[in-house]
Amino acid sequence: MKARRGELILKSKRELDLIRVAASTVSEILDELELLCVPGATTADLDAAAEAKCRERGVTPAFKGLYGFPACLCVAVNEEVVHGIPSKRKVLKDGDIIGLDFGVVYKGWYGDHARTVGVGEVDPATRTLVEVTRRCLEKAAAACHPGGRLCEIGRAVEELAGEYRFGVVRDFVGHGIGRRLHEDPQVPNYFDPHDRQVLKTGMVLCIEPMINAGTHEVRMLSDDWTAVTADGKRSAHFEHTIAVTDNGPEILSRSGFGAARAVAG
Ligand code: MG
């Protein structure tokens with residue numbers, strides 16, 4: 001069970017059940033955090049709420065302390081792409097968009113999920129960016145069949161984003177997940193024709209397209225965490241934890257199967 005680098009860890013049905021509880025809990029917490037994304041709220045408020053909701057459900061926030069990240073929740077407002085640090089000074093305004101990226105650990109198993117939500121009234125061009133990014137994830141998830149190729153995931157994202165001339169971020173990729181937040185394989189959001197990896201039943205992947213309204217290029221802020229678009233245009237991010245099963249892809253990060261229910265049941 002101990003992972004060696006480059007080793008793909010296939011999960012049993014029982015292990016998928018545990019990852020489902022973790023990933024579903026993330027979705028349920030984000031359902032509640034979405035309601036708090038209103039003008040005047042700070043990103044620190046959202047982080048504190050995320051931590052409290054983990055305590056209520058008996059799960060552990062996955063990101064805090066990982067690689068030295070100082071908070072529970074990764075936030076990304078407007079031109080921020082991923083990995084923004086929540087702050088009391090970052091106040092949400094009407095028309096902003098915010099990416100909420102969150103993970104928890106349940107009985108040693110990880111779940112990871114992200115979505116981008118609007119604050120108040122969001123302009124139509126931004127709404128299109130967010131909706132297309134969500135559809136990129138949906139299309140990519142549909143490629144997760146046993147026997148399919150991993151590179152089809154990136155192809156699906158790139159094709160749809162390309163129709164809108166949006167930039168597909170290449171500097172950050174999706175990943176396997178299980179006993180650790182980041183396992184092999186890496187899951188790029190672009191098509192790599194040299195990638196011959198084949199998907200197998202029992203793989204669990206986090207697919208997470210990051211789509212920019214303009215250039216795909218990003219740069220890092222001086223906090224060494226926050227990635228922003230190189231041209232200052234907006235960016236959206238969605239992520240699901242997805243199992244490759246004999247019946248096709250199963251999205252594990254859906255609400256309704258979380259830790260509160262698992263404990264009660
Ligand atoms: Mg992830």
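For ligands, and for the atoms within them, numbers begin at 1 and follow the listed sequence.
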Check the angle between the aromatic planes of Phe69 and Trp225 and answer parallel, tilted or perpendicular using the 30° and 60° thresholds.
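Perpendicular.
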Under the salt bridge (charged side-chain N to carboxylate O under 4.0 Å, His left out) test against Glu80, which residue among Arg219, Lys233, Arg234, Lys90 passes?
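Single pass found, and it is Lys90.
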Quick one: does any side-chain atom of His175 pair with a main-chain N or O of Glu183 as donor and acceptor, under 3.5 Å?
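No, His175 side chain to Glu183 backbone: no donor-acceptor pair under 3.5 Å.
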At the Mg ion (ligand 1): angle between Glu208 atom OE2 and Asp112 atom OD2, to 10 degrees:
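Roughly 170°, rounded to 10°.
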Mind checking whether the Mg ion (ligand 1) has an N, O or S of Glu239 under 2.8 Å?
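Given the 2.8 Å cut-off, Glu239 counts as a ligand of the Mg ion (ligand 1).
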Whether His182 has an N, O or S atom under 2.8 Å from the Mg ion (ligand 1):
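Of the N, O and S atoms in His182, none lies under 2.8 Å from the Mg ion (ligand 1), which means no.
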His83 vs Phe172, test: ring pair (Phe, Tyr, Trp, His ring centres under 6.0 Å). Steps then yes/no.
CA-CA 10 Å; His83 302 159; Phe172 300 97; 5.3 Å; yes
